[in-house]
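Only one structure is covered here, and it is reproduced in the block below.
Computed from heavy atoms alone, side chains included, the values below leave out hydrogens, waters and symmetry copies. Throughout, protein chains are lettered first and strands after them, A, B, ... in sequence-line order, and every chain is numbered starting at 1.
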Amino acid sequence: MFATVTGFLETIGLTWFVPPLKIAAGIDRRYEARRFVRMIGLPGLAIGLFLAVWWALSTQVVIKGHALPGPREVYAAGGRMVGEYQAARRVHAEWLRGIDEQVVANPTMSRAEVMALMPDTAAPTYLDQIGVSLKTVFTGFLLAAITAIPLGILCGMNRAIFEMVNPFIQVFRPVSPIAWLPIVGIVVSAGMADVAANSFWAKSYVISAVVVCLCSLWPILINTAGGVANVERDYLNVARVLNLGWVGTVWKVVLPAALPQIFNGLRLSIGVGWMVLIAAETLSQNPGLGKFVWDMYQSSNDDTLAYIMIAVLTIGVIGFVLDRMMIALQRLVSPGVGVQVR
Amino acid sequence: MKFLEIMQVSKHFSHPTKGRIEVLDKVSLEMRRNEFITIIGHSGCGKSTLLNMVAGLDAPSSGAVCFKEREIARPGPERAVVFQNHSLLPWRTVLANVMLAVDAVFPAIPKGERLAKAEHWLGVVGLKEQLHKYPHEISGGQKQRTGLARALAMGPELMLFDEPFGALDELTRSQLQDESLRLHGDEHLSVFMVTHSVDEAIYMSDRVVMMNNGPNATIGRIVDIDFPRPRERLKVFESELFAHYRNECIRFLFSRRHGAQAAAGLLSEATVEPVPGVPAPA
Amino acid sequence: MPLPVIVRHPTRAIAGLLLLAGANASAATADASVPASVAAPVFVEYQLASPKPDLARIKAAGIEKPVLKFGMIKLTDCAPLVVARELGFFAAEGLSVAIEVQANWKVVQERVVSMELDGSHMLYNHPIGARIGYLGQAKIISPFNISINGKGITVSTALWKAMQDKEPGLKEPGYALPVTATSLKAIAKERFAVGNPLRFGMTFPSGSHNIALRYWLAAGGVNPGFYEGFNDPVGKKDADVLLSVVPPPQMVANLTANSIDGFCVGEPWNQQAVRDGTGVAALGDQYVFNGGPDKIFATAEEWADTHPNTMVAVVKALIRANQWLDESTEHRKLACEMLANKAYIGANVEVLAESMLGTYQYQKGDRREAKDFNIFYRRFASFPFKSHTVWGLTQARRWGMIPTAMPDAWYAEVADRITRTDIYRKAFALLLAEGKVKAEDLPADDYQSSPAEAFIDHIAFDPRQPNAYLQKFAIGLK
Ligand SMILES: Nc1ncnc2c1ncn2[C@@H]1O[C@H](COP(=O)(O)OP(=O)(O)O)[C@@H](O)[C@H]1O
Ligand SMILES: [Mg+2]
């Protein structure tokens, strides 16, 4: 049981938690203690140094008469955001009470009808914005994966197809999301002319997701094609001797063999997608973290920079967690294949 | 009906920098059902190339390979291959690797029976306890046994071994050789094996086919091995006949090698003394 | 610094910080020569409301779409939308309204036209540019005028010094307003000669800030340059100075970096520059064209046509919001507190209060009364006069966005299409019947003439004769 827990933690990349657990349980104390120092002590020291340098800089750098927010100011702004969140929850609770009242006052209407007539129109909270960003990045990422993996397999299996697709990869891969945005905006707007404006498929959401998809397509495509092309000849020969056929070969041999590299591509791609999303959101009005940064930037508040720094930290931490998730998935799907955590 | 015929087979490859590589030149060979023949020759002379053409993984540039009087066009489970580096799929367990073969070859029989079949063959090669281990969790010998079980599970008429024991240590290697011989007897197998070990070739086969060096390699000489079957390792290895065969082979291989390096003709075939009971090269 | 306290009682901490901010502001006020009547108030933290819509109204008024999303730009004159939501004026009409901050004016226009936004806080000349096809054709209408006046023109401290040298009167404390652009004429010439022309920022080519800035410059004899037709976004033909588009939040940064010498924009950006000490607010546009149009509430024409009853309900709520805003200083103060919430503008409340409470800081410490800076309801400010649109059209012709002279009848026709006084009058009549407004607050005529003294260059405007009006400008196409 204990081994299962620590093993799971190691698998999903949360190795930091293993040494304290093991030390507490009295397993390999010396070794785990050294591991603990290496994994937590050294990064901790570096973070401490970073905070110190940041603090020192914040007392020196003055922008337009305001000091650069230091760690304390950012921490305080974080506390205020918690307060704002609590206030937003109170408003939400009040809205729910309003629904109850209206349900009583209008006996002819069902609760669902009342809710449809008076939805919560409060501005999204920070958590809502994080949720929107995650939803958007996953949509774009899934779009990219379901396009790029099949195409990558075709490219890897067939040299001719690869030669046809390769110029597009080379030309489109370096294009920045900012350049895609206007084109995607126009195309999506034209394509969505008939879709109700504030349905689930909000235009800004679709545009951001498509831009994420366009930028995160390439790592998946390149890695899938590479993984498939480099499947060991012997594995393919096994498939040929067994007369597995094209579909059987792809499904039973090529895909599993290329999986570690496909996941490598997926991992790179979600990192790219997350970065791209923040840029896309600032311009496409998708109400996620990117828009939060832009809105704060437009506020001319004394705390603007502190709030933006909180957003930067949030974006970084979420990016890190997404990366860990991909590593964990990669390890789960391809046991026995070393995964570089870097 | 003729079992396996290799008729006037030549093979060349095109290489982007080295140009055309002439590997085999008009190789002809026949093999009977239940025979165990071994191809031996220096590294790079074209042994695997020949085996691949028998497997159907590669096609001759000219000439033909016929199996049961039909030209081989593509690979098939009736000609199962045991590859040099086991080539087990690392994401499948031992059992799942064998099941891959059983499922592909016998799609019509019920799942339970297929499973029983796979377990049977793994039992035959002594892997009853390792069914659910992954390839990276078992030893090199066990991997090769799994490869063997996978090939056997295809129910082949001809087994093709490409240096299957090359990467194993001496003891494991001997064990697997003995087991392969036992299987050859018990299951009435026909085996076409490639090796670079003279001892292995003599100990295991009915005929040792020696190739001279490429480019344009041909069959240099064929030695019939007259040990009775089943063979006993110690008896065979301690016999004088074994030493004789061994000498025969080494002398051929050495001279061929030398001949290839010398400007040609210095050591002609005539300098190799014919041995009684061994037919001279065609 | 008691950090844990902030974490445990964040709301209390916010209130505390706002109190501190208020105290700082009052300290600043004490230094300045300010009338006692405008002592800085103490602000409290505003908690967002959860207005309860009157669902019975939806059926009674035949509301086609009770759930709406409106756009706003972070400028103090978005206040009517915010007030109508927070005080439940929308809810009283059965409407549930979400207000979403937009990145810039271009985005606002695109999303109004595509109807992703049901309506938005907009510049009065958005529908004009879109209707005449300047930089793209689209049909936008306005049934409601959000505000009159409300823009400021700020120059960098360096340019201010140069202006003082040309016009020593500006060195006197309490110099007379308005500051004209006359002193810029020579400076512009000098700068042009050395290949480093004066540069000004504005927010949008077919935008009110561009027009106000051009009017002020031209009134001082400085040619701001002509546009060469519908597809010219730059407009620098014959220019003495260079004008370029800068998003409002980047105005101050650009001024600090010396990439522009001045700008025209709404609040809080002028006050921000003054507060940071990077610029001097030369004047508010109540000195350029007192009573001139500024922001409107606008929707796509298709939206208005397909949601006639909803449109009236929205205008009813907005009229009440504007009326409330101009009722008292207390109301304005509460509005500032609402706007300071991060869901809306999120700026420091005392910066928002500068212009909204009837004072204006021209230089650090030089705070003066400015009652007319933002007007929402007085002087028929919320009525969508067709003359506003005609005036906007005359300026579009004057600066060449309209490439050829058009007959007077054309001006009236375009104004009829854009400016939907019929909707406003319908909404007002309903409110009158409900006893919520007074009859004298509705003008009889859709057209309003402006006397010479309303303008910095003393040229009277008769909306019935736009071509005759255009003839009177020394600088400008006829
Ligand atoms: N696909 C190929 N393309 C080019 N050359 C090849 C290819 N396969 C084998 N060869 C060449 O053919 C020769 C014989 O190879 P092989 O049959 O593998 O030798 P071995 O006797 O060691 O098994 C070698 O020189 C090798 O380089
Ligand atoms: Mg070989």
Side-chain angles (χ1 to χ4, degrees), chain A residues 3-4 7 10-11 149 153 156-157 159-160 162-163 223-224 226-266 327-340, chain B residues 48 51-59 72-94 96-107 132-138 143 146-147 150-160 162-164 167:
Chain A
T4 319
E10 304 254 13
T11 305
I149 294 178
I153 291 172
M157 301 278 291
R159 188 89 208 162
F162 176 76
E163 296 296 352
N223 277 278
T224 306
V228 168
N230 293 327
V231 170
E232 277 198 42
R233 263 204 98 69
D234 280 353
Y235 297 166
L236 293 175
N237 282 341
V238 169
R240 289 176 66 196
V241 168
L242 291 174
N243 285 340
L244 286 184
W246 196 85
V247 175
T249 305
V250 168
W251 186 247
K252 291 190 170 155
V253 177
V254 172
L255 254 187
L259 213 52
Q261 217 185 322
I262 294 178
F263 265 82
N264 221 13
L266 290 174
I327 291 178
L329 266 178
Q330 199 174 351
R331 284 186 179 160
L332 287 176
V333 297
S334 37
V337 179
V339 176
Q340 284 285 326
Chain B
S48 296
L51 183 133
N52 282 347
M53 286 188 290
V54 175
L57 293 167
D58 218 337
I72 292 170
R74 55 199 198 90
E78 74 281 0
R79 282 164 282 125
V81 186
V82 178
F83 295 92
Q84 179 166 11
N85 60 348
H86 68 77
S87 51
L88 297 179
L89 306 182
W91 58 90
R92 283 176 167 256
T93 59
V94 164
N97 263 290
V98 178
M99 276 304 279
L100 180 74
V102 182
D103 289 345
V105 179
F106 307 102
H132 301 292
K133 290 203 170 144
Y134 282 94
H136 70 268
E137 294 169 324
I138 57 179
K143 280 180 211 165
T146 312
R150 179 171 64 187
L152 288 167
M154 296 177 204
E157 295 179 63
L158 172 61
M159 292 279 270
L160 301 170
D162 191 354
E163 302 193 26

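Not counting sequence neighbours, the partners of B:Asp58 by the salt bridge (Lys or Arg N to Asp or Glu O under 4.0 Å) test are B:Lys11.
Interface residue B:Leu88: only backbone heavy atoms are found under 4.5 Å from chain A. For B:Ala101, the parts sitting under 4.5 Å from any heavy atom of chain A are the backbone and the side chain alike. Heavy atoms closer than 4.5 Å to chain A are found in the backbone of B:Arg79, but not in its side chain.
Side-chain atoms of B:Asn97 come within 3.5 Å of backbone N or O of B:Arg92 as a donor-acceptor pair. Proximity of a side-chain donor or acceptor of B:Asn52 to a complementary backbone N or O of B:Leu57 within less than 3.5 Å is not detected. The backbone N or O of A:Pro260 sits less than 3.5 Å from a side-chain atom of A:Gln330, completing a donor-acceptor pair.
Between A:Val238 and A:Val253 the shortest side-chain heavy-atom distance does not fall below 4.5 Å. A:Leu266 is not listed as a side-chain neighbour of A:Leu329, based on a closest heavy-atom distance of 4.5 Å or more. Side-chain contact between B:Met159 and B:Leu152 is present, with heavy atoms from C-beta onward closer than 4.5 Å.
Interface check for chain A: of the options B:Gly76, B:Pro135, B:Ala55, B:Ala104, the most heavy-atom pairs under 4.5 Å are formed by B:Gly76. Of the residues considered (B:Ala151, B:Pro77, B:Gly56, B:Ala80), B:Pro77 shows the highest number of contacts with chain A, using heavy-atom pairs under 4.5 Å.
When the heavy atoms of residues 239-246 of chain A are compared with those of chain B, the residues falling under 4.5 Å are A:Arg240, A:Val241, A:Leu242, A:Asn243, A:Leu244, listed by number.
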Q: Give the intermediate values and the outcome of side-chain contact (heavy atoms from CB on, under 4.5 Å) for residues A:Gln261 and A:Val228.
A: CA-CA 9 Å; A:Gln261 217 185 322; A:Val228 168; over 6 Å; no
